[in-house]
Enquirer: 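Before I ask anything, let me first share the structure, which is written out below as structure tokens.
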Amino acid sequence: MRTAIYPGSFDPFTNGHLDVVQRASRLFDRVIVAVAKSDGKHPLFLLEERKALVEQSIRDMPNVEADTFDGLLVNYAQKHSAQAVLRGLRAVSDFEFEFQMALMNRKLNDSFETIFMMPKDTYTFLSSRIVKEIARLGGDVNQFVPDHVQAALATKLGLKKI
Ligand code: PNS
């Protein structure tokens, strides 16, 4: 059983994240999308809300599940006997932070590999932060996130049409 953990804040889950999960689900027996508490990042959505948005997005992928975690990623990966931790790599600008994190995780626990996956080129520019900013300013995020995430953003930001 090859298990991969796909960790992130997912605030909120975007089509770029979904693209990575779809690719990973074809490579691994089991993929766990692990939503980090990330309190320090002051997320817009509560932890359980972020998990629920992931759950709705992965409904048609039987070998993918959503979970939450707090604390060190290496401990979470060990607990689930994961062989790999997945991270999406969009552009060179992502590299430095991701490289640091991967090597630090390896120092902390050498029992799994960090694997970088490139999302579809259409999503190279996409990030949860930019999606939130566009939504907050009244822009259309339809092409960047699943429909239910768009609806959740509208509700959360008080933009819902009545
Ligand atoms: O989507 P994000 O915010 O870029 O994800 C970052 C995340 C959650 C993967 C990273 O902050 C993390 O692994 N946090 C858990 C705490 C931890 O293990 N920190 C040490 C990383 S070297």
Side-chain angles (χ1 to χ4, degrees), residues 3-25 28 30-77 79-80 82 84-91 93-94 97-98 100-102 104-105 114-120 122-162:
T3 300
I5 310 285
Y6 180 35
S9 302
F10 304 115
D11 183 43
F13 197 74
T14 68
N15 287 342
H17 296 133
L18 185 59
D19 184 76
V20 168
V21 172
Q22 281 163 342
R23 289 170 198 282
S25 73
F28 291 89
R30 182 183 184 213
V31 177
I32 306 173
V33 182
V35 184
K37 202 161 178 230
S38 296
D39 274 349
K41 295 189 177 173
H42 305 291
L44 175 66
F45 289 96
L46 300 172
L47 183 61
E48 286 304 323
E49 291 173 335
R50 286 180 275 143
K51 181 188 168 195
L53 293 176
V54 173
E55 265 167 353
Q56 278 198 62
S57 312
I58 58 171
R59 268 199 303 221
D60 59 347
M61 288 180 270
N63 62 336
V64 181
E65 60 203 81
D67 193 13
T68 60
F69 79 103
D70 194 10
L72 283 178
L73 174 61
V74 289
N75 293 346
Y76 182 83
K79 195 173 118 197
H80 289 83
V85 162
L86 308 172
R87 291 287 287 170
L89 206 53
R90 292 162 300 189
S93 51
D94 281 341
F97 172 67
E98 295 298 337
Q100 184 183 24
M101 204 160 65
M104 183 52 80
N105 281 336
T114 298
I115 296 182
F116 295 107
M117 302 193 67
M118 281 168 289
K120 194 167 180 225
T122 329
Y123 303 129
T124 302
F125 57 90
L126 190 54
S127 75
S128 297
R129 186 185 61 77
I130 286 180
V131 163
K132 280 182 285 191
E133 183 168 323
I134 295 169
R136 215 175 253 128
L137 297 171
D140 185 2
V141 294
N142 177 264
Q143 54 183 314
F144 308 132
V145 293
D147 288 350
H148 61 276
V149 173
Q150 185 179 13
L153 274 165
T155 305
K156 186 61 99 177
L157 298 169
L159 304 166
K160 200 163 188 155
K161 292 187 195 97
I162 356 173

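The structure displayed is predicted, hence computed values, not measured ones.
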Enquirer: Are L73 and M104 packed together at the side-chain level, in the sense that at least one heavy-atom pair is separated by less than 4.5 angstrom?
Expert: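 With C-beta onward as the side chain, the pair stays apart.
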Enquirer: Are any of the side-chain heavy atoms of D140 and Q150 separated by less than 4.5 Å?
Expert: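 Yes; the side chains approach each other to less than 4.5 Å.
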Enquirer: Under a 4.5 Å cut-off applied to non-hydrogen side-chain atoms, are V21 and F13 in contact?
Expert: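 In contact.
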Enquirer: How many angstroms lie between atom OG1 of T3 and atom CD1 of I5, to the nearest 0.5 angstrom?
Expert: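 T3 atom OG1 to I5 atom CD1 measures 7.0 Å (nearest 0.5 Å).
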Enquirer: Roughly how far, to the nearest 0.5 Å, is the CZ atom of F10 from the CG atom of L53?
Expert: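 The CZ atom of F10 is 12.0 Å from CG of L53, to the nearest 0.5 Å.
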Enquirer: Measure across G88 and V20 and return the closest heavy-atom pair with its distance rounded to 0.1 Å.
Expert: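 Between these two residues, the closest heavy atoms are CA-CG2, 4.3 Å.
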Enquirer: Taking the side chain from N63 and the backbone from S25, do they hold a donor-acceptor pair closer than 3.5 Å?
Expert: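 A pair under 3.5 Å: yes.
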Enquirer: Do you know the tightest heavy-atom contact between V131 and V145?
Expert: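 That closest heavy-atom pairing would be CG1-CG1, 3.7 Å.
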Enquirer: Which heavy atom of S9 sits nearest to which heavy atom of S38, and what is that distance?
Expert: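 Between these two residues, the closest heavy atoms are OG-OG, 2.8 Å.
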Enquirer: What distance separates L86 CG from H17 NE2, expressed to the nearest 0.5 Å?
Expert: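 Going from CG on L86 over to NE2 on H17, the span is 12.5 Å.
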Enquirer: Of the non-hydrogen atoms in F45 and P12, which two are nearest, and what is the gap between them?
Expert: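 In terms of heavy atoms, the two residues are closest at CE1-CB, 3.8 Å.
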Enquirer: Check whether any side-chain heavy atom of K120 sits under 4.5 Å from a side-chain heavy atom of R23, and report yes or no.
Expert: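 The answer is yes, as the side chains (C-beta and beyond) meet within the 4.5 Å cut-off.
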Enquirer: Any heavy-atom pair between the side chains of V149 and V141 that's under 4.5 Å?
Expert: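 With C-beta onward as the side chain, the pair stays apart.
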Enquirer: Could you check if a side-chain atom of H80 sits within less than 4.5 angstrom of a side-chain atom of I32, using non-hydrogen atoms only?
Expert: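 Touching, per the 4.5 Å side-chain cut-off.
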Enquirer: With a 4.5 Å limit on heavy-atom distance, are the side chains of P7 and Y76 in contact?
Expert: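 P7 does not reach Y76 side chain to side chain.
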Enquirer: Are the side chain of R50 and the backbone of L44 linked by a donor-acceptor contact shorter than 3.5 Å?
Expert: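 No; zero donor-acceptor contacts below 3.5 Å.
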Enquirer: Quick one: OG1 on T14 to CZ on R129, what's the gap to the nearest 0.5 Å?
Expert: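 So the gap between those two atoms works out to 13.0 Å.
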Enquirer: Taking the side chain as every heavy atom from C-beta outward, state whether N15 and Y123 have any atom pair closer than 4.5 Å.
Expert: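 In contact.
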Enquirer: What pair of heavy atoms forms the shortest contact from A135 to L157, and how long is it?
Expert: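 Shortest heavy-atom separation between A135 and L157 comes out as CB-CD1, 3.7 Å.
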Enquirer: Is the number of heavy atoms from other residues, nucleotides or ligands within 6.0 Å of NZ (K156) greater than 12?
Expert: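 Enclosed: over 12 neighbouring heavy atoms sit under 6.0 Å from NZ of K156.
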Enquirer: Check the pair I115 / F28 against side-chain contact (heavy atoms from CB on, under 4.5 Å), numbers first and verdict last.
Expert: CA-CA 12 Å; I115 296 182; F28 291 89; 4.0 Å; yes
Enquirer: Can you tell me if CD on E65 sees more than 12 non-hydrogen neighbours from other groups inside 6.0 Å?
Expert: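 Count over threshold, so yes.
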Enquirer: Taking the side chain from D11 and the backbone from S128, do they hold a donor-acceptor pair closer than 3.5 Å?
Expert: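 Checked: no pair found.
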Enquirer: Between CG of L126 and CD1 of I134, what distance do you get to the nearest 0.5 Å?
Expert: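 Interatomic distance, L126 CG to I134 CD1, rounded to 0.5 Å: 8.0 Å.
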Enquirer: Locate the shortest heavy-atom distance separating E55 from A66; write the atom from each residue and the value.
Expert: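 Result for this residue pair: CG-CB, 3.7 Å.
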Enquirer: With rounding to the nearest 0.5 Å, note down the distance linking CZ in F97 to CG in L89.
Expert: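 The CG atom of L89 is 12.0 Å from CZ of F97, to the nearest 0.5 Å.
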